[in-house]
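Presented below is the structure to which this report refers.
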There are 2 protein chains.
Amino acid sequence: MPRPTTPLLSQAGIRASALEIIDREGLDGLSMRKLAAALGVSAPALYFHYPTKEHLLDDVASEIMEKVDVTAFTHGWREGLLTWARSYRAALAEHPNIVPFLARGPGQRDASLRRADAIHGGLVAAGWPPREATMIGASTKYLVLGAAMGSFSRGFVDDVQVYLDRYPSLADAHRLREHADAVDRDSFEFALLMFVDGLAARLGRPPESGGASGPAPRRG
Amino acid sequence: MPRPTTPLLSQAGIRASALEIIDREGLDGLSMRKLAAALGVSAPALYFHYPTKEHLLDDVASEIMEKVDVTAFTHGWREGLLTWARSYRAALAEHPNIVPFLARGPGQRDASLRRADAIHGGLVAAGWPPREATMIGASTKYLVLGAAMGSFSRGFVDDVQVYLDRYPSLADAHRLREHADAVDRDSFEFALLMFVDGLAARLGRPPESGGASGPAPRRG
DNA sequence: TGGTCCAACTAACGGTGTTAAGTTAGCATG
DNA sequence: CATGCTAACTTAACACCGTTAGTTGGACCA
């Protein structure tokens with residue numbers, strides 16, 4: 001059966017099905033043949049709509065990133081930063097299995113550039129010098145990606161020991177795992193607040209030599 | 001030619017060659033056949049020394065992690081944390097291509113547990129309550145991994161715009177890429193210092209309700 | 001000297017992403 | 001209305017992947 005009366009595939013449909021498989025079976029669980037089967041189609045058919053698996057994954061990732069909120073800088077840099085970071089993390093938390101793919105580097109130039117611009121612009125507008133705005137943006141990204149990677153990415157608790165102080169009564173591992181997510185969420189929030197506190201302190205402090213270098217911003 | 005007079009392979013040799021390929025051609029550039037060829041041997045021969053590619057990579061990653069310094073907590077939590085974070089990042093920076101593999105989760109339980117224990121113990125000994133020590137450890141790891149992921153992990157500058165403020169004279173991309181590493185290094189250092197500053201401030205502050213929750217530590 | 005085991009070999013299996021070539025529905029044009 | 005072009009699928013096949021099975025022959029021990 002060649003060309004069907006009504007098209008069987010669409011980019012959106014392919015993306016949705018791919019993400020479903022990734023969510024269910026992990027990043028390695030997605031193969032072009034399996035994806036095609038899920039869509040009731042043969043594998044090469046996909047290549048009519050996406051030139052490559054990489055492109056498809058880029059698109060899936062971009063779709064996820066659409067939910068990141070970079071608009072709150074109108075309420076001040078602190079609010080803007082917190083909103084951005086939290087929504088960023090939340091977006092990744094919804095689809096943890098895609099995080100390892102993000103480690104390969106960003107594909108979609110356009111959208112990510114637009115976001116970066118909004119963030120940078122927001123920080124500069126709030127009084128941070130451009131150079132520091134750059135570093136703040138990068139730092140926050142590090143935190144989100146690192147948290148996503150460290151916590152979601154794959155199955156087991158790594159630092160078992162580390163959690164024991166918090167739940168000393170739990171010796172059974174599955175309960176421990178169950179709470180590990182909460183620990184990660186708390187740790188991320190903790191890191192974010194400490195970082196922002198550090199920033200706030202820097203705002204009210206004259207530039208030190210030997211610090212992270214560069215002038216401190218005027219109070220915004 | 002079966003069993004040679006002197007063994008052609010050793011775990012250390014395999015690891016070294018694997019890491020060389022990864023450094024040169026990226027994580028995807030490493031295949032068992034290619035690795036075997038580089039060692040002058042057929043692919044299945046490797047399976048006599050390593051049960052699986054995953055195990056091999058785990059071992060390679062562990063070797064890299066050996067260089068991380070978690071001993072400086074004897075000079076105070078600040079010094080310990082900074083030394084740990086910087087040596088961690090430096091270790092990853094030497095072999096950026098392996099970072100995506102780390103996103104799959106830690107393999108070697110043993111060594112990583114020992115490290116986690118040293119860090120947690122160091123923080124607690126310095127006066128941080130266990131729960132906060134956990135979060136500090138996790139946070140720092142986030143920062144390092146996120147920085148490693150965001151910056152090294154493959155090929156092009158993502159947020160071109162973001163760097164322009166710093167090097168406004170550079171319109172050519174390769175020069176820009178060249179300096180991106182410096183920006184990343186600076187951003188990491190910046191993030192680390194802001195975070196530690198935030199921590200220090202917390203040490204001198206009474207516990208707030210509505211903060212990251214949990215009691216603040218006594219002054220150590 | 002004979003037996004066992006080690007450390008390599010070749011062949012092959014099932015899977016991967018992707019390309020090539022074939023087939024026909026739908027559409028535009030003479 | 002017939003013709004030709006392109007779109008959207010098909011099946012076959014390629015080169016590669018990680019890994020397993022089965023074979024071979026040198027090294028070591030009784």
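These figures come from a predicted structure and were not determined experimentally. We name chains A, B, ... by the order of the sequence lines, and we start the count at 1 in each one.
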Those residues at least two apart in sequence (or on a different chain) that pass side-chain contact (heavy atoms from CB on, under 4.5 Å) with Ser10(B) are Ala12(B)
Notebook entry, point to check: Any Lys/Arg nitrogen of Lys53(A) or Asp58(A) sitting under 4.0 Å from an Asp/Glu carboxylate oxygen of the other?
Noted result: no
Atom CG of Leu35(A) and atom P of dG15(C) are separated, to the nearest Å, by 17 Å
Ile14(A) CD1 to dC9(D) C1', in whole Å, measures 12 Å
In whole angstroms, the gap separating P of dC9(D) from CE of Met32(A) amounts to 13 Å
When rounded to whole Å, the NZ to P distance for the pair Lys34(A) and dT16(C) reads 7 Å
Sorted by number, residues from residues 41-53 of chain B placing a heavy atom under 4.0 Å from DNA chain D are Pro44(B), Tyr47(B), Thr52(B), Lys53(B)
In whole angstroms, the gap separating P of dG18(D) from CG of Leu27(B) amounts to 11 Å
Whole-Å distance, Leu39(A) CG to dC9(D) P, equals 10 Å
The salt bridge (charged side-chain N to carboxylate O under 4.0 Å, His left out) partners of Glu79(A) (sequence neighbours excluded) come to none
request  = May I ask you to decide if His95(A)'s main-chain N or O and Asp23(A)'s side chain share a donor-acceptor pair within less than 3.5 Å?
outcome  = no
note: Ile21(B), atom CD1; dC17(D), atom P; distance rounded to Å ~ 11 Å
Value for CE (Met65(A)) from CD1 (Ile98(A)), rounded to nearest 0.5 Å, stands at 11.0 Å
Here the distance between atom C1' of dC17(D) and atom CD of Glu54(B), to the nearest Å, is 15 Å
Between the main-chain N or O of Thr83(A) and the side-chain N or O of Asp69(A), is there a donor-acceptor pair closer than 3.5 Å? no
Does any N or O donor sit under 3.5 Å from an N or O acceptor when you compare the side chain of Arg33(A) with the base of dG17(C)?
yes
